[in-house]
Amino acid sequence: MKMSKMFVQTLREFPSDAEVVSHKMLARAGYIRKLTSGVYNYMPLMWRVLKKVEKIVREEMDRAGAQELLMPFVQPKELWEESGRWEVYGRELMRLRDRHDREMCLGPTHEEVITSIARDVLKSYKQMPVNLYQIQSKFRDEVRPRYGLLRGREFIMKDAYSFDTSEEGLDKEYKNMAQAYKRIFDRCGLATKMVQSDSGAIGGSVSHEFMVITDTDAGENDVFYCNSCDYSANSNHAISNLAPAIVDGKEYFKETKVIDTPQTHSIEELSKFLNIPSTLILKSLVYIVDKKPVIALIRADKTVEETKLMNAVGGIDIRIASSAEIEELMTNKGFKAEPGFIGPNGMEDITIIADKTVKEMKNFVVGINETDKHLVGANLEKDIPHIETFTDIRLVEQGDFCPECGKPLQVTKGIEVGNIFKLGTKYSKPMNAVYLDENGKTHPYIMGCYGIGISRTAAAAVEAHYDEHGIKWPISIAPYHVVIVPVNIKDELQMQIANEMYEKLLSAGVEVVLDDRDERAGVKFKDADLIGFPYRITAGKTVNDGFVEYKIRETGEIEKVTPQEAVDHIIEIVKNIK
RNA sequence: CGGGAUGUAGCGCAGCUUGGUAGCGCACCUCGCUUGGGACGAGGGGGUCGCACGUUCAAAUCGUGUCAUCCCGACCA
């Protein structure tokens with residue numbers, strides 16, 4: 001490719017609306033252009049990168065025994081009603097009507113469609129196991145698209161779906177996919193962690209996410225991991241053991257009674273006023289889950305993890321209640337108190353979920369829906385007997401102990417580039433997708449699903465590989481392998497050497513760019529660094545002595561070599577790309 | 001959806017307070033000069049100032065409404 005012909009425009013400055021590294025770099029280097037919020041044009045350079053990521057994904061999925069197909073982007077409402085998700089999925093599902101006023105949606109994921117295909121074709125146990133995948137644009141009408149390609153509304157995704165006749169078969173395929181994913185991300189030059197996670201709206205029982213750990217602020221997930229064993233989990237799913245804490249308030253509260261606690265709206269104020277550790281206080285929080293209030297109880301030094309709480313309630317939408325909503329709740333129950341003094345008593349007909357930490361507590365302090373008063377020396381059985389559900393709804397914190405080996409847990413930010421779910425019969429059952437076994441009996445398929453964000457993976461690679469000058473692509477997914485820069489295109493020898501190297505590399509199958517623009521060297525170097533070619537060969541004044549300069553983008557390392565050596569070196573490197 | 005901000009040329013911005021022929025840098029085109037880290041000079045093309053309505057002799061500027069975009073929170077590949 002001649003640089004003079006390349007359809008690309010690099011910018012002198014970062015676009016003002018870009019926040020994270022990958023968005024800034026990709027926009028400035030001419031890879032992407034925004035069309036509308038969360039929707040991007042993939043310009044020629046970007047498309048080359050995406051095709052490379054796709055190629056790696058295809059090769060590894062095929063190697064793992066999966067088969068590629070392509071499903072429609074537009075899907076009928078009826079299918080989504082069968083699975084029950086037309087109601088459940090919410091506004092993230094982009095709905096539209098055709099000319100006959102039939103309701104449709106843009107595919108945010110394809111469980112319904114693949115299940116409808118399977119039930120038509122997969123009639124016998126003899127046809128399984130099977131794993132089908134596609135690479136396609138998805139559309140999710142995100143509440144707040146941001147971070148460029150990391151959270152677009154339209155994005156490219158590889159989604160795979162497996163069908164098995166048994167849990168054992170699913171387990172096997174799940175592991176098979178985990179291995180394929182590891183190879184895929186390794187080949188893309190991305191170090192990933194496979195972490196346990198919540199299975200969210202897609203549903204199912206077990207799931208893992210593949211996280212790229214970066215030092216940029218683009219990672220939207222907190223990942224807890226253990227250095228001593230291989231435990232790691234998304235914060236929405238992580239569990240931990242806690243250090244011993246004072247949970248029995250016997251020494252502070254010999255008897256159970258209501259006392260005055262003026263101006264103690266917060267846990268901090270309360271623990272200071274009573275001069276007790278916050279581990280002796282029972283914290284009552286009000287959430288709104290699917291529009292209904294839910295009270296969460298937890299030891300006051302700990303934080304509620306909302307996804308865990310939502311799962312415990314069995315809801316699909318959760319948010320913390322506003323002060324007004326809390327007061328309204330108390331008023332409805334016949335109390336008149338400020339929000340800071342809410343407590344579980346008198347709330348018997350509200351869903352109450354208590355964290356496991358609560359079970360340990362004895363002679364503790366709790367709000368009683370009365371301003372400036374608390375009950376001290378309280379105990380569960382005696383004073384709050386109506387709590388039925390004790391489960392883990394606690395947010396893990398750095399320094400908590402690993403649930404598997406007991407060593408302290410660490411935390412880091414991660415970008416989720418892939419995930420794998422065990423779906424079981426979540427879709428096959430409601431959609432009546434069944435096969436016949438050896439005895440002619442029908443069973444629903446045991447399903448799994450496996451996603452990789454193709455465009456997000458490319459963006460994550462930028463987050464993981466860049467410096468102040470631009471992108472440093474891993475060679476396996478770089479748009480081109482090498483750029484040749486003749487410093488002065490009017491210098492005949494420089495151009496001749498550059499052209500010779502260019503032709504040799506081209507005929508060896510190397511993806512090479514010749515920067516034949518009539519620009520000053522500085523401009524070409526800046527662009528080369530920004531675009532992120534992994535290697536650069538410069539034909540400058542030293543060609544008169546028979547040398548060119550060979551530069552590695554990743555390390556900045558420079559070597560003076562003959563043109564032939566440079567060519568041979570590049571060919572060798574390209575030959576070894578996995 | 002709640003909170004905050006911004007819409008002026010492809011990109012980055014000024015002008016608005018105090019209404020009076022729409023500007024600057026980069027990018028783009030032409031010529032000259034220059035050629036190892038985003039040179040220089042001269043000339044040139046490109047904008048219904050997000051949109052609508054209103055006030056006014058006159059609106060980028062004042063008012064009302066509306067749309068869009070971005071940032072902070074809850075969702076996810």
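- Using a cutoff of 4.0 Å between basic side-chain nitrogens and carboxylate oxygens, A:E19 and A:K24 are not scored as salt-bridged.
- Contact annotation: side chain of A:E519 to base of B:rG38, donor-acceptor pair absent below 3.5 Å.
- A:E416 comes within 4.0 angstrom of sugar-phosphate atoms only, judged by non-hydrogen atoms across all strands, and of no base.
- The base of B:rG38 lies close enough to the side chain of A:R28 for a donor and an acceptor atom to sit less than 3.5 Å apart.
- Of the residues listed (A:Y427, A:W86, A:Y89), the one engaging A:W80 in a ring pair (Phe, Tyr, Trp, His ring centres under 6.0 Å) is A:Y89, and it is the only one.
- A:Y40 does not carry A:R33 over the face of its six-membered ring by the limits of under 6.0 Å from the centre and within 45° of the normal.
- Distance A:E142 CD to B:rC76 P: 9 Å, rounded to the nearest Å.
- Using a 4.0 Å heavy-atom criterion, one finds that A:D527 contacts the bases of the nucleic acid, with or without backbone contacts as well.
- Phosphate proximity of B:rC71 to A:R144: present, with a side-chain N or O under 4.0 Å from OP1 or OP2.
- Contact annotation: A:K541 side-chain N/O to B:rG36 OP1/OP2 distance is under 4.0 Å.
- Contact check on A:K51 versus A:E54 returns no salt bridge, with no Lys/Arg side-chain nitrogen under 4.0 Å from an Asp/Glu carboxylate oxygen.
- Across the protein-nucleic acid pair, A:E13 atom CD and B:rG12 atom C1' stand 4 Å apart, rounded to whole Å.
- Residue A:R146 places none of its side-chain N or O atoms closer than 4.0 Å to OP1 or OP2 of B:rC75.
- Rounding to whole angstrom units, CZ of residue A:R517 and P of B:rG37 are separated by 15 Å.
- Here the options are A:F210, A:Y174, A:Y450, the test is ring pair (Phe, Tyr, Trp, His ring centres under 6.0 Å), and the partner is A:Y181; only A:F210 passes.
- Figure legend. B:rU69 is base-paired to B:rA5; pairs are counted as Watson-Crick or G-U wobble with both atom distances under 3.5 Å.
- Under a 4.0 Å N-O distance rule, the pair A:E68/A:R58 qualifies as a salt bridge.
- Between A:V49 and A:Y31 the shortest side-chain heavy-atom distance falls below 4.5 Å.
- For B:rG37, its base sits under 3.5 Å from the side chain of A:D529 at one donor and acceptor pair at least.
- The shortest distance between the side-chain N/O atoms of A:S16 and the OP1/OP2 oxygens of B:rG12 is below 4.0 Å.
- By the 5.5 Å and 30° criteria, A:F525 is not stacked with the base of B:rG38.
- In this structure, A:R12 reaches the B:rA27 phosphate: one of its side-chain N or O atoms is under 4.0 Å from OP1 or OP2.
- Heavy atoms of A:K158 sit nowhere under 4.0 angstrom from any nucleic acid atom.
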Anything under 3.5 Å between a protein N or O and an N or O of nucleotides 67-69 of chain B, put it in a table, one pair a line.
residue : atom : partner : partner atom : Å
B:rU69  : OP1  : A:T36   : OG1          : 3.2
B:rU69  : OP1  : A:S37   : N            : 3.3
B:rU69  : O3'  : A:K34   : NZ           : 3.1

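- Judged by atom type and distance alone, A:R151 reaches the base of B:rC76 through a side-chain donor-acceptor pair under 3.5 Å.
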